[in-house]
Amino acid sequence: MRGPRPRLPALPALLWLALAPLPGPAARAELRVRVRLPGGQVTEESLQADSGADCVSLELRAADGALVTLTADFRQEVKIFRALILGELERGQSQFQALCFVTRLHRNEIIPSESMAKLRQPVLIWDHLSGQNVEKPPQAVVKHEKNPRTVRQAEEVRGLEHLSMDVAVNFSKAAQLSSHIHNVCAEAREAIYTREEDVKFWLEKGVDGSMFEVLPQGSDLPELQRCRLCQDRWKPCICSYSLSIEWYPCMLKYCKSRDAGGKVSSYKCGIRSCQKGYTFDYYVPQKQLCLWDEET
């Protein structure tokens with residue numbers, strides 16, 4: 001019988017109330033929502049935005065206990081997925097295993113960091129009774145704070161994306177690709193993966209190619225199996241790992257207003273939420289690093 005699985009550190013406590021903007025144009029913000037996982041369990045998901053660094057980060061605990069993080073670096077057009085996976089101590093694994101998958105960030109995948117930050121900032125409105133400006137959360141925030149125990153469900157389910165991560169990223173050189181890799185992937189120094197097609201895009205932008213190393217593929221090694229079919233725990237194989245971002249602001253909503261002269265104008269009036277799943281295939285030097293990917 002397997003012993004109890006170790007517990008990952010608890011998610012950091014996040015603020016429920018809106019954070020005041022920092023001095024100057026930059027703003028940092030945090031938001032926490034409750035979401036339902038595919039198996040029916042409810043978990044808390046944290047969302048953080050930093051308009052100064054132009055990045056957004058989402059974090060949630062999956063049904064199997066893994067801690068999943070997505071960081072979107074808009075400035076560098078980079079997405080970083082990190083998974084801290086509970087290890088199986090009785091099978092010789094460490095307490096947890098860390099993986100990082102780095103891909104190109106495309107336009108309109110997630111709302112801009114500035115818009116995300118504003119979801120948690122108070123705004124000033126004129127109060128006729130007091131004759132002065134007072135702070136009031138924007139309507140989008142009010143919607144989430146009317147009942148903080150509400151379980152959120154994404155308005156749109158985006159299709160599963162299956163990615164072949166055929167290139168390894170050198171951690172010590174990866175800061176040029178995105179400064180966030182140093183912090184996000186610190187526990188996954190030897191397990192940072194990307195795709196050759198994304199590497200070509202970054203090379204065209206002037207990124208140093210020496211940080212990338214092409215990994216062995218099935219076409220190079222005919223004996224290379226998928227890990228779920230491999231019987232020897234010490235042989236190399238192609239591992240698969242799946243994760244899902246259950247709720248994230250993927251689009252801005254726009255409403256129309258008409259002024260006294262009849263002129264129509266549009267303004268931002270909310271967000272649209274999405275859910276999206278990913279499956280990553282990548283080379284491992286031994287199946288021992290991929291024990292979750294087994295035939296059932």
Side-chain angles (χ1 to χ4, degrees), residues 2-14 30-48 56-72 79-91 93-103 109-110 148-163 165 180-181 183-188 191-193 226-228 238-250 273-282 284 287-296:
R2 294 183 181 180
R5 283 193 165 192
R7 293 179 62 85
L8 288 173
L11 286 173
L14 298 179
E30 297 174 297
L31 170 67
R32 186 167 62 183
V33 296
R34 286 161 53 84
V35 297
R36 192 175 303 280
L37 299 173
Q41 306 97 316
V42 173
T43 189
E44 287 186 339
E45 180 176 316
S46 68
L47 301 91
Q48 303 180 37
V56 167
S57 181
L58 303 88
E59 187 170 75
L60 76 156
R61 197 178 297 279
D64 61 0
L67 192 62
V68 174
T69 304
L70 165 62
T71 299
K79 263 188 317 201
I80 309 165
F81 297 89
R82 184 194 65 186
L84 298 180
I85 305 162
L86 293 172
E88 298 187 42
L89 301 182
E90 70 280 8
R91 301 180 71 182
Q93 291 189 324
S94 57
Q95 184 178 7
F96 68 88
Q97 183 175 340
L99 300 172
C100 264
F101 304 105
V102 184
T103 66
E109 286 192 69
I110 189 169
R149 304 299 297 172
T150 298
V151 178
R152 308 295 166 187
Q153 185 169 355
E155 299 168 79
E156 178 185 339
V157 177
R158 295 191 168 178
L160 174 69
E161 195 167 353
H162 201 139
L163 306 173
M165 312 302 285
H180 302 286
I181 293 177
N183 293 325
V184 177
C185 302
E187 297 91 351
I192 308 175
Y193 307 95
R226 290 196 168 272
C227 292
R228 70 175 65 95
I238 300 297
C239 184
S240 288
Y241 185 75
S242 297
L243 59 83
S244 178
I245 306 300
E246 296 301 328
W247 190 96
Y248 67 98
C250 54
S273 59
C274 290
Q275 178 272 334
K276 186 170 178 62
Y278 300 85
T279 295
F280 302 95
D281 293 342
Y282 60 100
V284 290
K287 183 181 176 177
Q288 178 72 6
L289 299 173
C290 185
L291 294 183
W292 59 81
D293 189 14
E294 295 184 326
E295 210 170 17
T296 56

### Cys290 and Cys227: CA distance, side-chain angles, deciding distance, disulfide (SG to SG under 2.5 Å) verdict
CA-CA 7 Å; Cys290 185; Cys227 292; 3.9 Å; no

### For the student: nearest non-hydrogen atoms of Ile85 and Ala66, plus distance
CA-CB, 4.2 Å

### Query
With sequence neighbours excluded, what pairs up with Thr69 under the side chain to side chain donor-acceptor pair (under 3.5 Å) test?
Glu59, Arg82

### Message
If we check ring-ring contact (aromatic ring centres under 6.0 Å, His included) with Phe81, which of these qualifies: Tyr193, Tyr241, Tyr278, Phe101?
### Response
Tyr278

### Task
Report the residues that fulfil side chain to side chain donor-acceptor pair (under 3.5 Å) with Arg36, sequence neighbours left out, ordered by chain and then residue number.
none

### Task
Measure across Arg61 and Leu37 and return the closest heavy-atom pair with its distance rounded to 0.1 Å.
O-CD1, 3.8 Å

### Summary
Here the gap from Leu243 atom CG to Leu99 atom CG, rounded to the nearest 0.5 Å, amounts to 9.5 Å

### Task
Check Leu58, Val68, Leu31 against Glu45 for a side-chain contact (heavy atoms from CB on, under 4.5 Å) and give me the one that passes.
Leu58

#### Entry: Closest approach of Trp247 to Ala154 (non-hydrogen atoms, all atoms of both residues)
CD1-N, 3.8 Å

### Message
Applying side chain to side chain donor-acceptor pair (under 3.5 Å), can you list everything that pairs with Glu109, at least two apart in sequence or on another chain?
### Response
Lys79

### Query
So, Asp293 and Arg226, do they make that salt bridge, N to O below 4.0 Å?
no

### Task
Return the minimal non-hydrogen interatomic distance between Val35 and Glu246, and the atom names on each side.
CG2-CB, 4.1 Å

### Task
Look only at the side chain of Lys276 and the backbone of Ile245, and say whether a donor-acceptor pair between them is shorter than 3.5 Å.
no

### Between OG on residue Ser57 and CD on residue Gln48, distance to nearest 0.5 Å
5.5 Å

### Task
Give a yes or no on whether the backbone of Ser240 and the side-chain of Trp292 come within a donor-acceptor separation of less than 3.5 Å.
yes

### Query
Distance-only, no hydrogens or angles: does the Thr279 side chain make a donor-acceptor pair with backbone N or O of Ser242 under 3.5 Å?
no

### Pair Glu30 + Arg32, salt bridge at N-O below 4.0 Å
no

### Query
Should the heavy atoms of other residues, nucleotides or ligands under 6.0 Å from CD of Gln41 be counted, would the total exceed 12?
yes

#### Entry: Student check: side-chain heavy atoms of Arg158 and Cys250 closer than 4.5 Å
yes

